[in-house]
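This report concerns only the one structure given below.
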Amino acid sequence: MWDPKKYLDFADHRARPFFELISRIDAEKPRRVVDLGCGPGNLTGVLAARWPDAELDALDSSPEMVQEAQERGINARVLDVHDWAPDPETDVVVSNAVLQWVPDHLSLLAEWLPALSPGAWFAMQVPGNFDAPSHREIRALATEARWQAQLAEIALRSADAVSTPADYATALATDDTIVDVWETTYLQRLSGPDPVLEWVTGTALRPIRAELDDEDWREFRTELAARLRMAYPARSDGTTWFPFRRIFAVAHKPSS
């Protein structure tokens with residue numbers, strides 16, 4: 001279950017990659033724009049403002065996120081990405097920090113790109129920090145004897161949640177696409193008590209939270225907090241540097 005409020009705790013940091021992603025989309029008058037994994041809808045409105053004449057299709061698999069988006073005035077609906085396919089009028093598809101939750105997303109990309117019409121754009125961004133100390137500590141704790149029976153399978157699945165930039169370039173490349181793939185590591189300055197723990201609580205820890213009752217969840221978070229404080233020590237001013245790598249890919253199918 002997603003907690004939209006927790007996800008939005010770091011809205012500024014989470015939004016920056018979105019703006020850098022869509023800045024590479026050079027569509028002038030798209031007919032339909034799809035926000036594939038719209039989340040709480042806080043960024044969907046940016047797409048609507050940029051292309052006000054386009055039909056906007058906002059989709060997410062989380063009912064909680066869709067409800068939050070609807071409360072923001074976004075006409076969002078619940079749909080799993082496996083059940084989505086572009087129609088002939090889909091000219092822009094944006095998938096921002098979504099596909100890391102979909103184990104077979106490389107095969108989906110290979111299906112979606114050929115189905116897009118000439119002139120269409122596909123833009124995606126995924127976190128590439130699954131080998132960072134934050135995620136290594138989560139996996140290490142989840143596979144210890146105390147938690148292994150409940151959490152080991154979840155922890156192992158997350159280790160290979162995303163592929164390499166080269167893999168995405170290969171999946172998006174067809175005879176009639178132009179592909180741009182890059183990666184960026186943001187050095188994020190977080191504040192507050194245990195900020196890295198709070199960051200991962202809104203994303204990476206979501207499947208773990210779903211498996212634990214309230215008492216076990218508090219215990220797991222307490223143990224993880226101590227590990228993360230060691231991995232990401234606070235500065236003298238109380239802030240914490242948190243490096244975060246992200247992978248971007250934009251594919252365009254020219255009209256001619």
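Since the model is a prediction, treat every value here as computed from it, not as a measurement.
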In plain terms, say whether [X] and [Y] are close enough for a salt bridge, that is, a side-chain N and a carboxylate O under 4.0 Å apart.
X	Y	answer
Glu223	Arg229	no
Arg16	Glu20	yes
Arg209	Asp214	yes
Arg245	Glu183	yes
Lys253	Asp91	no
Asp53	Arg31	no
Arg50	Glu28	no

Which heavy-atom pair separates [X] from [Y] by the least distance, and what is that distance?
X	Y	result
Ser134	Asn129	OG-ND2, 4.2 Å
Ala115	Pro86	CB-CG, 3.7 Å
Thr203	Pro207	O-CD, 4.0 Å
Cys38	Ala76	SG-CB, 4.0 Å
Pro17	Tyr186	CA-OH, 3.7 Å
Pro40	Glu68	CB-CG, 3.5 Å

How about CG on Asn75, more than 12 heavy atoms from neighbouring residues, nucleotides or ligands closer than 6.0 Å, or not?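 Counting neighbours around CG of Asn75, 12 or fewer heavy atoms of other residues, nucleotides or ligands fall under 6.0 Å, so no.
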
Could you tell me the separation between the [atom1] atom of [X] and the [atom2] atom of [Y], rounded to the nearest 0.5 Å?
X	Y	atom1	atom2	value
Ile74	Asp60	CD1	CG	12.5 Å
Asp83	Leu59	CG	CG	10.5 Å
Leu43	Leu21	CG	CG	10.5 Å
Gln100	Gln125	CD	CD	7.5 Å
Thr44	Asp35	OG1	CG	4.0 Å
Ile154	Arg206	CD1	CZ	10.0 Å

Could you go through the salt bridge (Lys or Arg N to Asp or Glu O under 4.0 Å) check for Lys29 and Glu55 one step at a time? CA-CA 11 Å; Lys29 295 182 178 180; Glu55 181 176 346; over 6 Å; no

Aromatic plane relationship, Phe242 with Tyr232 - under 30° parallel, 30 to 60° tilted, over 60° perpendicular: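 Rings of Tyr232 and Phe242: perpendicular, over 60°.
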
Describe, in one word, how the ring planes of Trp121 and His252 are oriented to each other, choosing from parallel (under 30°), tilted (30 to 60°) and perpendicular (over 60°).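 It falls in the parallel class, under 30°.
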
Closer than 3.5 angstrom, by distance alone: can the side chain of [X] be matched with the main-chain N or O of [Y] as a donor-acceptor pair?
X	Y	answer
His105	Val102	yes
Thr177	Val179	no
Ser62	Met65	yes
Tyr168	Ser163	yes

Classify the side-chain pair [X]/[Y] by whether it contains a donor and acceptor separated by less than 3.5 Å.
X	Y	value
Asp80	Ser61	no
Asp237	Thr239	yes
Thr164	Asp167	yes
Arg235	Thr240	no

Given the options Val162, Leu109, Ile247, Leu99 meets side chain to side chain contact (heavy atoms under 4.5 Å, CB included) only with Leu109

With the side chain counted from C-beta on, respond yes when [X] and [Y] share a heavy-atom pair under 4.5 Å apart, and no when they do not.
X	Y	answer
Ile138	Leu224	yes
Phe248	Asn96	no
Val250	Phe122	no
Gln188	Trp241	no
Trp51	Leu56	no
Arg227	Met230	no
Arg146	Asp216	yes
Glu198	Arg221	yes

Just checking, Arg246 and Trp182: is the charged tip under 6.0 Å from the six-membered ring centre and within 45° of the axis? no

Evaluate Asp57 against Val33 for side chain to side chain contact (heavy atoms under 4.5 Å, CB included), listing each step before the verdict. CA-CA 6 Å; Asp57 202 3; Val33 175; over 6 Å; no

Joint cluster assignment, Val94 & Leu108, ILVMFWY side-chain distance < 4.5 Å: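 No, separate clusters.
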
When you group the ILVMFWY residues by side-chain heavy-atom contacts below 4.5 Å and let the links chain together, are Val126 and Ile22 in the same group?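 Ile22 and Val126: separate clusters.
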
Taking it one step at a time, do Leu205 and Trp217 satisfy side chain to side chain contact (heavy atoms under 4.5 Å, CB included)? CA-CA 10 Å; Leu205 289 181; Trp217 171 239; 3.8 Å; yes

Could you check whether Trp147 and Phe220 have their ring centres less than 6.0 Å apart?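 Yes, close enough.
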
